[in-house]
There are 2 protein chains.
Amino acid sequence: MPGRHHWQHRFRENVSRWTLPREIILDLLSRSSRHMSAKEIYGALYALYPGLGLTTVYRTLELLHRLGFVQKVTSGDGPGRYELRGEGEKDHHHHLICTKCGRIIDYRDFVQEELDLIKKTEETLAKKHNFLIQDHNIEFLGLCEKCR
Amino acid sequence: MPGRHHWQHRFRENVSRWTLPREIILDLLSRSSRHMSAKEIYGALYALYPGLGLTTVYRTLELLHRLGFVQKVTSGDGPGRYELRGEGEKDHHHHLICTKCGRIIDYRDFVQEELDLIKKTEETLAKKHNFLIQDHNIEFLGLCEKCR
DNA sequence: TAGATAATGATAATCATTTTCATTAATAAT
DNA sequence: ATTATTAATGAAAATGATTATCATTATCTA
Ligand SMILES: [Mn+2]
Ligand SMILES: [Mn+2]
Ligand SMILES: [Zn+2]
Ligand SMILES: [Zn+2]
């Protein structure tokens, strides 16, 4: 869990200014293990920083996503959800999504096998379709413990 | 590509009535190889059947999805897109999604290896999280030929 | 053929996200 | 430090996709 200075540095590298909204949003995301929507983030920070605007939350999340700091999960319907993306491959994971209540569960099983297959597939597809692959998602849909 | 009677029969099984909107939407989907949004479907059918309502298109797609006849693709932003799901495993495929123009490309490479891994993962996860897995998605995100 | 009710379609409502634009604040230059 | 430059912010309105409402219509059952 990198601290302020780490982020501050990475922001400067990207010609982006280090601002209070950005700091508190990153701070919240690094303290939370959940997958939060823009409105949830806004709500959680509003008490601490009532001046914050929902628009800024959206803009900040989009920036963080563009810079690769944050992963966006779009589970069918409902708002987009965001989580910090860890540095190395240790954090690589995918999701189980409950189609009834929207719960999102992280899983990290068979990551190595997955990455092997993904890599092979990526290479083949990139060549075959002249497509520049930047990321991949895997998700399992179904009913969680409570909803089944 | 199953015909009217096939669908009609499967609808009856599900206590759903066989109506004109349902017939023409299924017919369109089975003639199109694309991934169409509700509005695109509405637009394509409007000439033929001007009485059709966009609401009905949404409702029909949701029903088809719920019955498992149709697959929904939610590529980050933009409207949901729908495609008929083939009967057997011959049709099993996943997607390459261009994050710039939204283009969706089907791929069917390494399906067997994928299914092996998916199956193993599914079993493990279902047990570990007491989760009822009903479906899975794999998608590669990046830039298509035109957009890279 | 008639009755029961599922399905439809117009409209309004909702929800998530984006755009606009005047104001503020962060950084660079002095 | 002070100032100038311009990115970032936040309020408000706009947009886009989807869903809810409800009176009307069509399908299917008896
Ligand atoms: Mn996660
Ligand atoms: Mn497809
Ligand atoms: Zn659930
Ligand atoms: Zn493209």
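This one's a predicted model, so the numbers in the text were calculated from it and none came from an experiment. Values below: all heavy atoms of this structure, side chains included; hydrogens, waters and symmetry mates excluded.
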Give me the distances for all protein-to-nucleotides 28-30 of chain D N/O pairs that come in under 3.5 Å?
unit_1	atom_1	unit_2	atom_2	d
dC28(D)	OP1	W18(B)	N	2.8

List, with names and distances, any nitrogen or oxygen atoms from the protein found under 3.5 Å away from nitrogen or oxygen atoms belonging to nucleotides 15-17 of chain D.
unit_1	atom_1	unit_2	atom_2	d
dA17(D)	OP2	K39(B)	NZ	3.0

What is the ring orientation for F11(B) with W18(B), classed by angle as parallel under 30°, tilted 30 to 60°, or perpendicular over 60°?
-> perpendicular
From CZ of R59(A) across to C1' of dT19(C) the rounded distance in Å is 9 Å
With under 30° as parallel and over 60° as perpendicular, where do the rings of H35(A) and H95(A) fit, or are they tilted in between?
perpendicular
Residues K128(A) and E122(A) bridged, charged N to O under 4.0 Å:
no
| message | Please confirm whether the shortest side-chain N or O distance from T55(B) to OP1 or OP2 of dT8(C) is below 4.0 Å. | response | no
Whole-Å distance, D77(A) CG to dA20(D) P, equals 11 Å
DNA chain C nearest-nucleotide lookup for R81(A) and L54(B): closer to the 5′ end is L54(B)
Checklist entry - Is the side chain of H93(B) donor-acceptor paired with the backbone N or O of D91(B) at a distance under 3.5 Å, no angle test? => result yes
Are R85(B) and D135(B) within salt-bridge range, i.e. N to O under 4.0 Å?
yes
Student check: side-chain heavy atoms of L26(A) and L64(A) closer than 4.5 Å: yes
(Q) For a quick test of reading the model: is some side-chain N or O of Y49(B) closer than 4.0 Å to OP1 or OP2 of dG9(C)? (A) yes
- With a 4.0 Å cut-off, would you call K120(A) and D116(A) a salt bridge? no
Rounded to whole Å, CD of E62(A) lies from C1' of dT19(C) at a distance of 13 Å
Checklist entry - Checking side chain to side chain contact (heavy atoms under 4.5 Å, CB included) for the pair N137(A)/Q71(A): CA distance, chi angles, key distance, verdict? => result CA-CA 10 Å; N137(A) 285 327; Q71(A) 165 127 35; 3.4 Å; yes
Separation of dA7(C) atom P from L67(B) atom CG, nearest Å, is 10 Å
Whole-Å distance, R66(A) CZ to dA7(D) P, equals 13 Å
_Under a 4.0 Å threshold between the charged nitrogen and the carboxylate oxygen, would E62(A) count as salt-bridged to K72(A)?_
no
Taken to the nearest whole Å, CG/L63(A) to P/dA7(D) is 14 Å
Rounded to whole Å, the CG-P distance (L52(B) to dA7(C)) equals 16 Å
When rounded to whole Å, the CG to C1' distance for the pair L20(A) and dA7(D) reads 16 Å
